[in-house]
Every structure is written in C-alpha cells, then in structure tokens.
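Reckoned from all heavy atoms, side chains included, excluding hydrogens, waters and symmetry mates. For ligands, and for the atoms within them, numbers begin at 1 and follow the listed sequence.
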Amino acid sequence: ARAQIGVTGLAVMGRNLARNFARHGYTVAVHNRSFDRARSLVAEHGGEGDFVLSESMADFVASLERPRKVVVMVKAGAATDAVIDELVPLLEDGDIVVDAGNAHFSDTIRRERALRDHGLHFVGTGVSGGEEGALNGPSIMPGGTRESYESLGPLLEEISAKVDGVPCCTYVGPGGAGHFVKMVHNGIEYADMQLIAEAYDLLRRGLGASAAEIGEIFAEWNRGDLESFLIETTADVLRHVDAATGQAFVDVVLDQAEQKGTGRWTVKNGLDLGVPITGIAEATFARALSGSVPQRTAGAGLPAHTREWEVKDREAFVEDVRLALYASKVVAYSQGFDQIAAASAENGWGIDRGAMARIWRGGCIIRARFLDRITEAYERDAGLPLLLADPYFTEAVAGGLASWRRVVAGAAGSGVPVPAFSSSLAYYDGVRARRLPAALVQAQRDFFGAHTYKRVDRDGTFHTDWSGDRTETEV
Ligand code: NDP
C-alpha cells in the first residue's frame, strides 16, 4: 500500500481532482467503473505525478495507505450509493470515504450515519469551481467528523484554491454540513446571476446601448466593490460576437434559462426552515418563468401601460444601477447566511459563517472581493443576526438606497421586470420596519380559523369570539 489518496469516478471532475492531487506530489490511486477512463487518465497525464492504476475496487482499496482516504466523484444519487456499497466491505475501521459529488445534504446525513455504524468516516464535501477549479484549485467544503479532517484536511487544503496564501478549504461541520453549505453557495450563485442579468437589462433598455457597450460598463464595475468572477465573465460574454451572424452573442442565445436543481433545493430548504431567501427564490423562479413557453406566448400581447424611461444623465443612471446591484447582492448574501445559520442551529453543526465567506473567495463561481467584508463582519460578531445590520454593510447599503429606490421605481414605471432587485428592496424595507401588517394576517387567521394571536401589551395567547359577542379569552 503506497497511495496517500484514492479517487474513484474519473469523469471530468474526478479526473481533474486526481491530477490536482498528483501535481501536488501525492501518490494517487485511481479507479473507475469502466476501466478505460482510468487507463486513459494515466496514459494521458501519467507524467504529471505518481498514479497507481487499479482495475478492480479491491486492488484500488488495497493500494491505499491507512487510514485510507477514498474520494468518490461519481454521478450524484444512486451511483454514489452503489459505489459506497462496494467500498464498505473492503474498508477498515477509521478509513475515510469522501463524497465530493453534488449530493443533497439529507443523503449525506443518511450516508454518514450508515458509515459511522461501520466504524468509517464519511465526509460529504462540497466542491465548487467546475472542471477548471477541480484541476487548478477549487473551493472545498468538507463536512463529517473533526477527527477525519485532521488527516484529510491538509490534503484538501493543499489542492484547494488559495487567496492571499489562505486555502479556500476549511472544516465546515459534522454530518451534512459541507454539502449544505455547497447547496447554499449554489443558491447564492443563482441570485447573483439573476441580479447581474437584471442590471444588464436595465442598462440595455435604459441607455439603449449595445451589448458590447454594456460589457464595457461591467468591465469598469469589476475594478470596484463589485469585483468578482461573475461580473468579469459577464463583461466577457457581453463583448463576445457570434461568429455565424456577426451579432452580439447574447442576442442570438435563446432566452430560456435552465437549471440542474441546486437552486430549487436551496429554495425548498428555505421554505422548510422558514428562512426568507427571497433573492434566491426570485432567481430560481425567474429561470422558471423564462422557460414557461406557453405562458410567455399567451402573455406576449398583454397591455403594458408603461411610460418611456428617460435617462437624462447616463453616468448617474449607470451609478444608480451599480448601487442597486450592490445593495441587492448584499441582501441575497445576508439571506443565504441566515439560511446557513438556521440549518446549523437546527442540526447542531456549529458552522462559522465568516470562515465560509473566506473559503468562497477563490476557486468557486461566487468568488468576489466583497466576501472579505462578510468575513470581517462575522469576525466582529460571530452571532450577527443580520448581515445587513453589520456597520460596514449598513453604511454601504445606505449609501445606495436612493439609487436602489429610483431603479426599482423606474423599472416598475417602464415595465422592466426586476424581480430580484425589487424583492430585495422589499425584504430590506420589511426587515427594517418597526411594525408589519402581519398583525392583520394574525387577526384574520384568528377570525376564520381560531388560530389565536398574541398581544403587544401583555403576555399570553388569545382568541376573540368573532362569530359571537367578540369577547376576548386567554387560551
Ligand atoms: P458525472 O456526473 O457525469 O458522472 C460520471 C461518473 O460517474 C463516471 O466516472 C461514471 O463511471 C460514474 N458512475 C455513474 N454511475 C455509476 C455507478 N452506478 N457505479 C459506479 N460509477 C458510476 O461526472 P462529473 O465528473 O461531471 O461529476 C462528478 C460529480 O461531481 C457529480 O456528482 C457532479 O454533480 C459533481 N460536480 C460536478 C461539477 C461539474 O462542473 N461537472 C462541479 C461540482 C461537482 P463510468 O465511466 O463507468 O460511466
């Protein structure tokens, strides 16, 4: 036994992760259900490091140093269970199985329990950054036991992305914590992309500018607070010209956004936990609306009653949109971190939100300069109940409030759909309101369903006899 780490499942992701380990000087055992993939990996990239090729799972396991560390990188779902079932009888006490695929965190909780009963560590790990990240340094979000992280962590940290010399990998928490955090990361990615798309639409319609001109604006934004992978790629995409037609590439792409499902998972979980992640939800539903072809076809002729959006000062308008985007983005992240806090409390995961923002700074899709500010906010107050209430973000958002309101009002007036911008502003106004009309909702619930209510002036639970003499009783 001489390999320090093994990877089974050598499609794009597993192959690149294995190469990443090898390039960092580790001896990597490689295995794949169909041997061809394993063989071709070694044939094509064997020179990059030290690989141990095995055709059978038994040989693969036998080639690993103890405690064995096996990274499973197969299709999420049944395939993962099949591979685990094959692995378990071959492993021994204290060995570590790492699921680096995109598992739902509830599957991870189930698998972790089952493997614990076999004396094995199961580490459900979020990996972000796609194939490029897997090869050159992804953001890695490992869950599982702390004990497993002691021997596994250093390897994962070594192959992860680095920002200012700091690895984009840290221990997240037990059970399903790693995959949960990865899920919310993806949800935030949905919100971020939708907000960028809305900003683009506003600029395009407001300025009557070409895609390439808007691309220049994004490139400029990428030099400020908004600096991030997604803003940078937006600038690139908008400036790209379609070779076949000579048109702006974005203008020849069908406007129906698809999804693989992690946004949906995040939204469903937000509903389960009762955490208002409106930014992520609006983004997920915006994709759904774009793909609702019969509805869009039937709706295409609906009256608009809009007024022309007159942009008198182009620079001021661009700055308004930039500030509205920044503020909406803070809301989306604030909500996502609330979701992490709620799940962490419910499951006893003890997730350090500042550390999560730190490991998202590199390697992953939502990497951004402003994540440093989020880490600082949670360092100031680990239990911060609302990211927006951190002094830095309060001030940053306050500086853009007038712009944000102008943009949302202008969009409504001229008929530009900005669901994520406007719902984020509604969230902001809701969370800062000293009194909400939820009082009326409670009163109505008591009226027709005797669901009871609480009072502002004394403790207790009350019901009013609405169908009788309307006397109030304490229940
Ligand atoms: P795929 O999701 O396409 O999965 C293909 C791999 O799974 C192959 O190695 C295949 O083996 C193996 N496999 C499928 N079914 C079984 C089975 N029943 N038993 C054993 N092996 C099986 O590969 P990717 O590399 O795209 O992704 C791997 C994982 O990483 C997935 O969970 C994915 O969600 C996740 N992920 C992907 C990202 C991406 O950008 N692609 C980013 C982050 C995570 P065979 O060659 O024999 O068919």
Side-chain angles (χ1 to χ4, degrees), residues 6-21 28-45 53-58 60-61 70-90 97-108 111 122-143 156 159-161 168-169 172 176 178-190 193 229-230 233 258-266 359-360 362-367:
V7 180
T8 179
L10 301 171
V12 258
M13 291 296 289
R15 187 181 180 88
N16 282 356
L17 270 187
R19 291 172 63 194
N20 191 349
F21 279 118
V28 189
V30 289
H31 172 268
N32 192 71
R33 176 180 62 176
S34 38
F35 185 52
D36 266 1
R37 272 197 214 271
R39 193 166 38 207
S40 79
L41 164 61
V42 176
E44 287 162 35
H45 303 287
L53 180 63
S54 295
E55 185 157 8
S56 76
M57 190 67 102
F60 168 69
V61 168
V70 181
V71 177
V72 179
M73 202 40 157
V74 299
K75 208 171 169 58
T80 307
D81 284 315
V83 172
I84 291 171
D85 288 347
E86 204 182 338
L87 270 171
V88 166
L90 301 169
V97 177
V98 184
D99 175 16
N102 256 340
H104 191 273
F105 72 94
S106 58
D107 285 334
T108 304
R111 291 171 182 144
F122 184 75
V123 178
T125 300
V127 177
S128 176
E131 49 181 304
E132 201 274 336
L135 183 62
N136 297 314
S139 171
I140 308 180
M141 296 150 248
L156 297 182
I159 65 151
S160 73
C168 294
C169 171
V172 175
H179 275 133
F180 187 88
V181 165
K182 170 65 178 7
M183 178 188 78
V184 176
H185 161 285
N186 284 30
I188 291 175
E189 176 185 317
Y190 274 55
M193 290 173 68
F229 173 72
L230 283 171
T233 52
E258 297 179 4
Q259 46 184 313
K260 288 213 290 194
T262 41
R264 189 163 49 226
W265 286 356
T266 316
I359 65 172
W360 290 347
C364 66
I365 307 298
I366 64 171
R367 58 186 186 258

Q | Check: Met193 and Leu230 side chains under 4.5 Å, non-hydrogen atoms | A | yes

Q. Quick check: does Lys182 get an N/O under 3.5 Å from an N/O on ligand 1?
A. no

Q. Counting heavy atoms only, which of Cys364, Ser34, Gly261 comes nearest to atom 45 (P) of ligand 1?
A. Ser34

Q | Pair Glu86 + Arg33: basic N to acidic O under 4.0 Å | A | no

Q) Is Arg37 touching ligand 1 with its side chain, its backbone, both, or neither, if touching means heavy atoms under 4.0 Å apart? A) side chain

Q. Would you say Val74 and ligand 1 have an N/O pair spaced under 3.5 Å apart?
A. yes

Q) For ligand 1, which atoms have a heavy atom of Gly101 less than 4.0 angstrom away? A) 29 (C), 30 (O), 32 (O), 35 (C)

Q) When you measure from the side chain of Asn32 to the backbone N and O of Leu10, does any donor-acceptor pair fall under 3.5 Å? A) yes

Q | Heavy atom of the protein closest to atom 20 (C) of ligand 1 (residue, atom name, distance) | A | Val83 CG2, 3.5 Å

(Q) If you apply the rule side-chain contact (heavy atoms from CB on, under 4.5 Å), what do you find for Ile188 with His185, and how did you get there? (A) CA-CA 5 Å; Ile188 291 175; His185 161 285; 5.9 Å; no

**Q.** Aromatic Phe229 / basic Arg367 pairing, under 6.0 angstrom, 45° off normal
**A.** yes

Q: Quick one: look up the protein heavy atom nearest atom 26 (O) of ligand 1 and list residue, atom name and how far away it is.
A: Val12 CG2, 3.5 Å

Q | Residue among Val97, Thr125, Val7 satisfying side-chain contact (heavy atoms from CB on, under 4.5 Å) with Val72 | A | Val97

Q.
Given Met57, His31, Lys75, identify the one with the heavy atom nearest to atom 7 (O) of ligand 1.
A. Lys75

**Q.** Residue among Thr108, Thr262, Asn102 satisfying side chain to side chain donor-acceptor pair (under 3.5 Å) with Lys182
**A.** Asn102

Q: Would you check if Asn20 and Pro138 make a side-chain contact, meaning some heavy-atom pair closer than 4.5 Å?
A: yes

Q: Please write down residue, atom name and distance for the protein heavy atom closest to atom 28 (C) of ligand 1.
A: Met73 O, 3.6 Å

Q: Give the residue and atom name of whichever protein heavy atom lies nearest to atom 17 (C) of ligand 1, and the separation in Å to one decimal.
A: Arg33 NH1, 3.2 Å

Q) Would atom 3 (O) of ligand 1 count as contacted, meaning some protein heavy atom under 4.0 Å? A) no

Q: Look at atom 40 (O) of ligand 1 and find which of Gly130, Ala76, Gly129, Ala134 reaches it with the closest heavy atom.
A: Gly130

Q | N or O contact, Met13 vs ligand 1, cut-off under 3.5 Å | A | yes

**Q.** Shortest protein heavy-atom distance from atom 35 (C) of ligand 1, along with the residue and atom involved
**A.** Asn102 N, 3.7 Å

**Q.** Identity and distance of the protein heavy atom lying nearest atom 15 (N) of ligand 1
**A.** Ala79 CB, 3.3 Å

Q: Side-chain contact test, heavy atoms from C-beta onward, threshold under 4.5 Å: evaluate it for Thr8 versus Val70 and give yes or no.
A: yes

Q.
With a 4.5 Å cut-off on side-chain heavy atoms, are Ser40 and His45 touching?
A. no

(Q) If you take the centroid of each ring, where Trp contributes its six-membered ring, are His179 and Phe105 closer together than 6.0 Å? (A) no

Q) Any idea which atoms of ligand 1 are less than 4.0 Å away from a heavy-atom of Gly9? A) 9 (O)

Q: Using a 4.0 Å heavy-atom threshold (strictly under), name the region of Leu10 that reaches ligand 1: side chain, backbone, both or neither.
A: backbone

Q) atom 5 (C) of ligand 1: which protein heavy atom is closest, and how many Å away? A) Ala11 CB, 3.7 Å

Q. So which heavy atom on Ser139 is nearest to which on Gly362, and how close?
A. CB-O, 3.4 Å

Q) Using a heavy-atom cut-off of under 4.0 Å, does the side chain or the backbone of Asn32 touch ligand 1, or both, or neither? A) side chain

